[in-house]
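Atoms considered below: every heavy atom in the structure, side chains included; atoms not considered: hydrogens, waters and symmetry mates. Note that the structure is predicted; figures quoted are calculated from it, not measured.
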Amino acid sequence: MTASVSQDAGTARGGEASAQRRFHVTLIKPSHYDKDGYVIQWWKAWIPSNSLAALYGLTQDLQERRVLGAEVELAIDAYDEMNIVIPYNKIIARHRRAAAEHAGDGEEGRDGGGGLVCLVGVQSNQYPRALAIARRFRAAGLQVAIGGFHVSGCLSMLPELHESLQEALDMGVSLFAGEAEEHLHGVLGDALAGELKPIYNAMDQLPDLQGAVTPFLPEPLVRRYDGVLSSFDAGRGCPFQCSFCTIINVQGRKSRYRSADDVERLIRANHAQGVTHYFITDDNFARNKNWEAIFDRMAELRGEGIDIRFLIQVDVLAHKIPGFIDKAKAAGCKQAFIGLESINPANLKEMKKNQNKITEYRTMFQAWRARQVVTYAGFIMGLPNDTRETIRRDLEIIQREIPVDVLEITILTPLPGSEDHKNLYMKGVWMDPDLNKYDLECVTFEHPLMSKEDLQQAYWDAWDHYYTLEHAETLMRRAMADGIKPVRIWQNLLQIYGAMGFERVHPQQCGYFRRRVRAERRPELPRENALLFYPKNVLRTLRNYVGIGLYAWRLHRIRRRVEADPVSKTHRDLALTPVVSAEDEELEMFHLNKAAEAAVAKAKAEAAARERQTAKRAGMGAAD
């Protein structure tokens with residue numbers, strides 16, 4: 001069984017006209033190579049690709065409206081390489097057959113006019129894999145285009161064409177930068193005519209999302225993700241200036257958002273095919289100016305019996321927006337990913353993460369927990385002030401003082417498209433030339449205080465240090481105390497730490513039951529002898545899943561013990577201690593260094609100023 005969808009789009013809604021020419025649009029979301037050079041693939045992947053869903057929906061809409069002409073039938077094929085081995089031969093045969101039919105000779109040919117292979121949503125770490133895929137299709141004479149954050153980020157931020165983009169152009173691959181809503185028809189029209197341009201740069205033409213076509217994936221593809229999970233973006237853009245972020249330089253800093261009607265239409269279409277769980281991919285949903293109307297509409301749909309559940313990404317100040325968390329809960333929010341990044345104000349300053357206030361952290365996490373929303377937090381290590389000792393210290397403080405459920409640890413990475421990358425690039429500072437390593441797990445730059453080897457080892461150690469069985473029990477007891485079922489913590493720990501501790505793959509790239517294909521290896525690496533590859537693969541798989549199984553059993557025993565202990569429901573520790581006056585708390589986090597003490601002093605001064613202003617207003621009111 002394959003995890004692809006092939007649709008005869010001539011039978012799609014609105015496609016009554018008789019087609020005379022079939023044109024294949026093959027959408028592929030490339031995966032990424034692991035440390036041994038093999039493509040990372042799973043039976044079921046955890047994270048759906050919203051880029052794939054967006055392009056599928058847009059292409060389907062073009063066909064339904066017959067934008068390329070009444071005689072043209074768009075046949076859509078979609079593949080996420082995270083959960084499928086790409087069927088190269090079948091794809092090539094389809095494109096050649098369509099080209100031959102158009103030529104009228106009835107024979108298969110090498111004319112690229114039979115379709116377009118679109119490599120979509122390609123991130124920097126996926127770019128080497130995208131080039132390898134493109135090379136195979138170009139060798140067969142097919143037309144190929146690459147889009148996504150790597151292409152868009154490089155063209156947006158760098159003064160000259162990055163060498164990785166030139167490599168694609170040298171193969172005859174077209175590049176697309178920007179968002180496709182208002183431009184896909186032009187690209188497909190050029191491909192239909194066999195006249196693709198080398199570069200399509202729409203970075204300065206970001207579309208209005210009101211009434212735009214919404215992302216959509218058909219049910220067979222969605223079922224290849226964990227829990228029948230789909231995705232959509234309710235908005236794009238973020239107002240903040242984080243130096244490591246590519247979003248603000250690709251999607252812009254202005255909030256662009258979908259209407260509540262658009263979101264309702266999307267949810268109803270998915271519900272019709274049995275899909276109700278979502279990853280809402282907005283980089284910061286709290287800054288979506290239409291968040292309230294969208295949440296209210298989703299709550300209404302839940303009232304009709306549609307079991308909407310979703311994960312969102314927000315900033316650390318979302319809890320200060322009146323009603324935001326309550327309405328998120330009513331709309332079906334079960335999990336929230338929060339960009340904590342660091343508890344060290346000196347590090348936050350380095351990242352231009354000025355919106356993060358360490359005095360707000362505990363209040364913020366407690367607010368989400370009060371609504372039984374499981375919280376994830378990002379933690380970035382490898383910042384200029386980090387050492388192996390300070391990383392360990394910070395993790396221990398988070399364990400004791402901050403009531404976060406799950407921590408996702410990454411290494412600071414100068415991603416192409418970010419300010420960090422541009423600054424290093426312009427200064428000629430060394431960065432690892434292997435883009436495959438830009439996966440947030442590998443050291444790609446020279447750290448001022450740690451060697452490359454020390455920083456890399458500190459990264460692996462950080463996961464083991466944070467996810468101890470002792471802390472797992474603490475997390476479950478905190479969950480019981482806040483009305484969160486411990487089994488939810490069990491599931492998250494098994495996924496997050498199981499991915500890193502045993503598969504050695506970041507949770508965002510993980511899934512269920514890893515498959516390794518001997519032939520699908522980086523082109524520059526040799527193909528392993530079958531007599532060595534297969535036994536080694538079997539042993540690796542057994543080792544990993546025995547380890548995961550034992551870890552799951554240990555967590556299960558802890559969970560049962562916590563659930564059976566009546567004291568768990570009244571568990572209290574420093575992290576769960578209600579915040580009364582955040583600035584006046586005595587926390588180790590507030591005394592990390594001079595930067596921390598200065599941040600607390602500033603917060604106290606601001607609180608005092610607010611109190612004076614409140615008192616002044618009260619006095620004026622009494623006088624009136």
Side-chain angles (χ1 to χ4, degrees), residues 238-245 284-287 313-326 336-371 373 375-381 383-386 390-391 393-405 407 478 482 572-619:
C238 179
F240 298 122
Q241 302 180 58
C242 308
S243 64
F244 59 83
C245 182
N284 189 348
F285 191 88
R287 303 307 144 186
Q313 303 177 98
V314 296
D315 59 60
V316 298
L317 299 178
H319 68 291
K320 298 176 77 69
I321 302 174
F324 184 87
I325 297 180
D326 287 331
F337 183 90
I338 301 161
L340 182 77
E341 320 307 7
S342 179
I343 62 171
N344 184 346
N347 280 343
L348 294 171
K349 184 178 180 180
E350 291 283 352
M351 292 185 278
K352 292 189 176 180
K353 196 86 176 177
N354 300 318
Q355 68 272 23
N356 282 30
K357 311 294 183 185
I358 62 173
T359 51
E360 292 283 349
Y361 283 176
R362 285 177 16 82
T363 303
M364 175 264 297
F365 281 111
Q366 288 181 8
W368 284 103
R369 295 179 67 85
R371 279 74 167 186
V373 175
T375 53
Y376 293 65
F379 179 83
I380 299 176
M381 52 175 286
L383 286 143
N385 299 291
D386 283 340
T390 62
I391 292 169
R393 176 204 64 191
D394 292 354
L395 290 172
E396 290 175 352
I397 291 173
I398 292 172
Q399 287 176 322
R400 289 193 303 271
E401 299 183 352
I402 298 179
V404 61
D405 295 306
L407 206 63
R478 289 175 182 170
D482 284 333
R572 275 292 176 267
D573 58 23
L574 178 57
L576 291 188
T577 302
V579 177
V580 178
S581 177
E583 300 81 10
D584 296 321
E585 289 192 308
E586 277 300 320
L587 301 172
E588 186 178 352
M589 175 171 56
F590 290 176
H591 299 285
L592 282 181
N593 49 34
K594 291 182 178 180
E597 292 174 349
V600 175
K602 181 179 179 182
K604 287 182 177 181
E606 291 172 346
R610 288 194 297 270
E611 290 177 2
R612 289 194 298 271
Q613 187 66 24
T614 300
K616 182 178 179 181
R617 289 174 180 170

Return the minimal non-hydrogen interatomic distance between [X] and [Y], and the atom names on each side.
{"X": "A595", "Y": "A346", "answer": "CB-N, 3.8 Å"}
{"X": "D573", "Y": "R478", "answer": "OD2-NE, 2.8 Å"}
{"X": "A377", "Y": "V404", "answer": "CB-CG2, 3.6 Å"}
{"X": "A367", "Y": "R371", "answer": "O-NH1, 3.0 Å"}
{"X": "T363", "Y": "A582", "answer": "OG1-CB, 4.2 Å"}

State, with a plain yes or no, whether a side-chain heavy atom of [X] is found less than 4.5 Å away from one of [Y].
{"X": "C242", "Y": "Q355", "result": "yes"}
{"X": "K604", "Y": "D584", "result": "yes"}
{"X": "Q313", "Y": "N284", "result": "no"}
{"X": "I338", "Y": "Y376", "result": "no"}
{"X": "I358", "Y": "L592", "result": "no"}

So, applying side-chain contact (heavy atoms from CB on, under 4.5 Å) with Y361, which one of V579, I402, I398 is it?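 So the option named by the test is I402.
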Name the one of I325, D482, D405 that satisfies side-chain contact (heavy atoms from CB on, under 4.5 Å) with W368?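 Output: one option passes, namely I325.
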Test log, rule side chain to side chain contact (heavy atoms under 4.5 Å, CB included), inputs N354 and F240: CA-CA 8 Å; N354 300 318; F240 298 122; over 6 Å; no
State, without any angle test, whether N344 and D394 hold a side-chain donor-acceptor pair at a distance under 3.5 Å.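 Note: N344 and D394 side chains miss the donor-acceptor criterion.
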Donor-acceptor pair between E360 and H319 side chains, under 3.5 angstrom: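 Yes, because at least one side-chain N or O of E360 sits under 3.5 Å from a partner of the opposite role on H319.
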Using side chain to side chain contact (heavy atoms under 4.5 Å, CB included), reason through V600 and L587 one step at a time and then give a plain yes or no. CA-CA 11 Å; V600 175; L587 301 172; over 6 Å; no
Report the residues that fulfil salt bridge (Lys or Arg N to Asp or Glu O under 4.0 Å) with R400, sequence neighbours left out, ordered by chain and then residue number.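 Salt bridge (Lys or Arg N to Asp or Glu O under 4.0 Å) check on R400 returns E588.
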Tell me, please, which residues at least two apart from E401 pass salt bridge (Lys or Arg N to Asp or Glu O under 4.0 Å).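 Partners of E401 by the salt bridge (Lys or Arg N to Asp or Glu O under 4.0 Å) criterion come out as none, since no residue qualifies.
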Drop me the distance from [X]'s [atom1] to [Y]'s [atom2], to the nearest 0.5 angstrom.
{"X": "I391", "Y": "M381", "atom1": "CD1", "atom2": "CE", "result": "3.5 Å"}
{"X": "S342", "Y": "M351", "atom1": "OG", "atom2": "CE", "result": "5.0 Å"}
{"X": "K353", "Y": "F244", "atom1": "NZ", "atom2": "CZ", "result": "4.0 Å"}
{"X": "E341", "Y": "L348", "atom1": "CD", "atom2": "CG", "result": "8.0 Å"}
{"X": "K357", "Y": "L317", "atom1": "NZ", "atom2": "CG", "result": "8.0 Å"}
{"X": "I321", "Y": "D326", "atom1": "CD1", "atom2": "CG", "result": "12.5 Å"}

Dump the intermediate steps for side chain to side chain contact (heavy atoms under 4.5 Å, CB included) on N347 and D386, then the final yes or no. CA-CA 8 Å; N347 280 343; D386 283 340; 3.0 Å; yes
Side chain [X], main chain [Y], donor-acceptor under 3.5 Å:
{"X": "R362", "Y": "A575", "value": "yes"}
{"X": "D315", "Y": "N356", "value": "no"}
{"X": "R369", "Y": "P403", "value": "yes"}
{"X": "E585", "Y": "F590", "value": "no"}
{"X": "K594", "Y": "H591", "value": "no"}

I'd like to know whether V314 forms a side chain to side chain contact (heavy atoms under 4.5 Å, CB included) with F337, so could you lay out the CA-CA distance, the side-chain angles of the two residues, the decisive distance to 0.1 Å, and finally the verdict. CA-CA 6 Å; V314 296; F337 183 90; over 6 Å; no
Residue list, side chain to side chain contact (heavy atoms under 4.5 Å, CB included) with P384, at least two apart or on another chain: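 Partners of P384 by the side chain to side chain contact (heavy atoms under 4.5 Å, CB included) criterion, ordered by chain and then number, come out as E350, P448.
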